[in-house]
Amino acid sequence: MRNTLKSIVTDLLTNRDLVCSLTVSIESLSIAGVHIGTASRYVPRERIVDVTNSPIVRTYRKTREAGPQFFDGTGRQIPLSEVIDSVIYSNGILHLPEGASFKIKDGLVVGLALYSASLSRRFEDLESYEDFVRAFGAPDRVTEMEDDGELMAYDHYYFRLHKHATWGVMPSGKVESVNWGDFPGNAG
């Protein structure tokens, strides 16, 4: 019951202000009612559409027609439900169709992430890097991502929140991803 009431105002899928906030407590944030520190078995299985970094998957393939396909070390195709179980009780990332995911470590949710359509529609009013900085606030660290000498993105890190936000310069000119929790670079 506590998670349901808390998620009404702290769900990152529905509250744009939380995505930008520099004052919110990371423990209060949620996606689909699931908070960092929650047992991963509470992630809504029926909404999971993809899995990455599963300990039982050796080969991964995804096509428009078939969707994600998982194979073990012997080449046997593994059903999505089995791959989900492998992550829920150990480590990996569970993805929802809205462009949101849960990072799982030792059966606990240790990170939340938004990307893709979940961000582009909500932040379409941000037309420049300067707009992004105004919306998200001053970071503790900025790194520039380059490819062959061409600036591709700015990564902003907010250490107190264990947060990382990316503004894509090429080709998008938009907010590409935001994550909170146990991800590389988030703690400083």
Side-chain angles (χ1 to χ4, degrees), residues 3-4 6-7 10-16 18-20 24 26-73 76-124 145 152-153 155-157 161-168 172 174-186:
N3 275 351
T4 304
K6 191 186 274 187
S7 69
T10 62
D11 198 300
L12 294 164
L13 288 173
T14 59
N15 191 328
R16 173 186 160 145
L18 288 176
V19 175
C20 297
V24 69
I26 189 172
E27 294 82 14
S28 69
L29 299 175
S30 72
I31 292 176
V34 179
H35 299 265
I36 290 177
T38 300
S40 55
R41 67 180 177 274
Y42 293 110
V43 173
R45 287 181 72 95
E46 71 281 358
R47 292 180 57 192
I48 298 170
V49 295
D50 205 350
V51 178
T52 51
N53 302 326
S54 164
I56 65 169
V57 173
R58 174 73 171 204
T59 306
Y60 171 87
R61 180 172 52 222
K62 184 174 184 176
T63 65
R64 184 170 283 175
E65 298 79 31
Q69 296 176 309
F70 310 94
F71 301 89
D72 67 14
R76 176 184 73 89
Q77 188 167 357
I78 310 167
L80 177 61
S81 61
E82 192 176 325
V83 177
I84 291 170
D85 285 341
S86 76
V87 168
I88 283 180
Y89 298 108
S90 62
N91 304 311
I93 300 177
L94 304 171
H95 301 274
L96 302 184
E98 300 94 328
S101 62
F102 303 90
K103 183 175 182 182
I104 309 301
K105 186 174 182 183
D106 298 326
L108 292 176
V109 175
V110 297
L112 305 172
L114 299 175
Y115 46 87
S116 184
S118 68
L119 289 174
S120 60
R121 285 190 303 271
R122 285 192 284 161
F123 291 100
E124 64 189 355
M145 289 180 42
M152 302 302 286
D155 287 315
H156 282 212
Y157 294 90
L161 295 172
H162 294 263
K163 175 179 170 179
H164 169 207
T166 301
W167 173 262
S172 65
K174 65 181 179 183
V175 180
E176 291 186 347
S177 64
V178 184
N179 65 54
W180 298 260
D182 186 12
F183 290 95
N186 284 9

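What you see below is based on every heavy atom in this structure, not just the backbone, and it leaves out hydrogens, waters and symmetry mates.
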Which residues share a ring pair (Phe, Tyr, Trp, His ring centres under 6.0 Å) with Phe183, sequence neighbours left out
none
Where Ser90 and Pro55 come nearest, the two heavy atoms and their spacing:
OG-CG, 3.2 Å
Would you please name every residue forming a side-chain hydrogen bond (donor to acceptor under 3.5 Å, both in side chains) with Asn91, sequence neighbours left out?
none
Counting neighbours of CZ on Arg16 that are heavy atoms of other residues, nucleotides or ligands and sit closer than 6.0 Å, is the number greater than 12?
yes
Quick one: do the Tyr157 and His162 side chains pair a donor with an acceptor below 3.5 Å?
no
Do the charged groups of Arg45 and Asp85 touch, with an N to O distance under 4.0 Å?
yes
Here the pair of heavy atoms bringing Gly181 nearest to Ile26 is N-CD1, 3.5 Å
Nearest heavy atoms of Asp50 and Pro68, plus distance in Å:
OD1-CB, 3.4 Å
Going from OG on Ser30 to CD on Glu27, what distance comes out if it is rounded to the nearest 0.5 angstrom?
12.5 Å
Would you say Trp180 and Leu114 make side-chain contact, with heavy atoms under 4.5 Å?
yes
Among side-chain atoms of Tyr60 and Asn53, is any donor-acceptor pair under 3.5 angstrom?
no
Is the backbone of Gly33 close enough, under 3.5 Å, to the side chain of Asp11 for a donor and an acceptor to pair up by distance?
yes
side-chain contact (heavy atoms from CB on, under 4.5 Å) test vs Leu112 passes for just one of Ile36, Asn179, Val178, Leu13, namely Ile36
Gap between atom CD1 of Ile56 and atom CD of Glu82 - 0.5 Å precision
4.5 Å
Test side-chain contact (heavy atoms from CB on, under 4.5 Å), reference Leu94, set Ile48, Val83, Val34, Thr52, output is Ile48
Within the structure provided, determine whether Arg61 and Phe70 are in side-chain contact (heavy-atom separation under 4.5 Å).
no
Is Val49 close to Leu96 at the side-chain level, that is, under 4.5 Å between some pair of heavy atoms?
no
Nearest-0.5 Å distance that lies between atom CG in Asn186 and atom NZ in Lys163
10.5 Å
Is there a donor-acceptor pair under 3.5 Å between the side chain of Ser116 and the backbone N or O of Gly99?
no
Within the 4.5 Å heavy-atom criterion, are Ile104 and Leu108 side-chain neighbours or not?
no
Testing the basics here: between Val19 and Arg122, what is the closest heavy-atom pair and its distance to 0.1 Å?
CG2-NH1, 3.9 Å
Could you state the interatomic distance from CG (Leu80) to CD (Gln69), rounded to the nearest 0.5 Å?
11.5 Å
Do Ile78 and Arg76 come within less than 4.5 Å of each other through their side chains, counting heavy atoms only?
yes
Where Arg47 and Ala32 come nearest, the two heavy atoms and their spacing
NH1-CB, 3.3 Å
Looking only at side chains, do His164 and Asp155 share a donor and an acceptor under 3.5 Å apart?
yes
How long is the span from the NE2 atom in His95 to the CZ atom in Phe102, to the nearest 0.5 Å?
11.0 Å
Can you find a heavy atom in the side chain of Val175 that is under 4.5 Å from one in the side chain of Thr166?
no
Note, Tyr89 side chain near Ser40 side chain (heavy atom, < 4.5 Å)
no
Could Arg121 and Glu98 be called an ion pair, given the rule that one side-chain N must be under 4.0 Å from one carboxylate O?
no
Value rounded to 0.5 Å, distance of CD in Glu176 from CH2 in Trp167:
9.0 Å
Could you check whether any side-chain heavy atom of Val87 comes within less than 4.5 Å of a side-chain heavy atom of Ile93, counting everything from C-beta outward?
no
side-chain hydrogen bond (donor to acceptor under 3.5 Å, both in side chains) between His35 and Tyr42, intermediate numbers included
CA-CA 9 Å; His35 299 265; Tyr42 293 110; over 6 Å; no
If every non-hydrogen atom of Phe123 is compared with every non-hydrogen atom of Cys20, which pair is closest and at what distance?
CE2-SG, 3.4 Å
Residues in side-chain hydrogen bond (donor to acceptor under 3.5 Å, both in side chains) with Thr59, at least two apart?
none
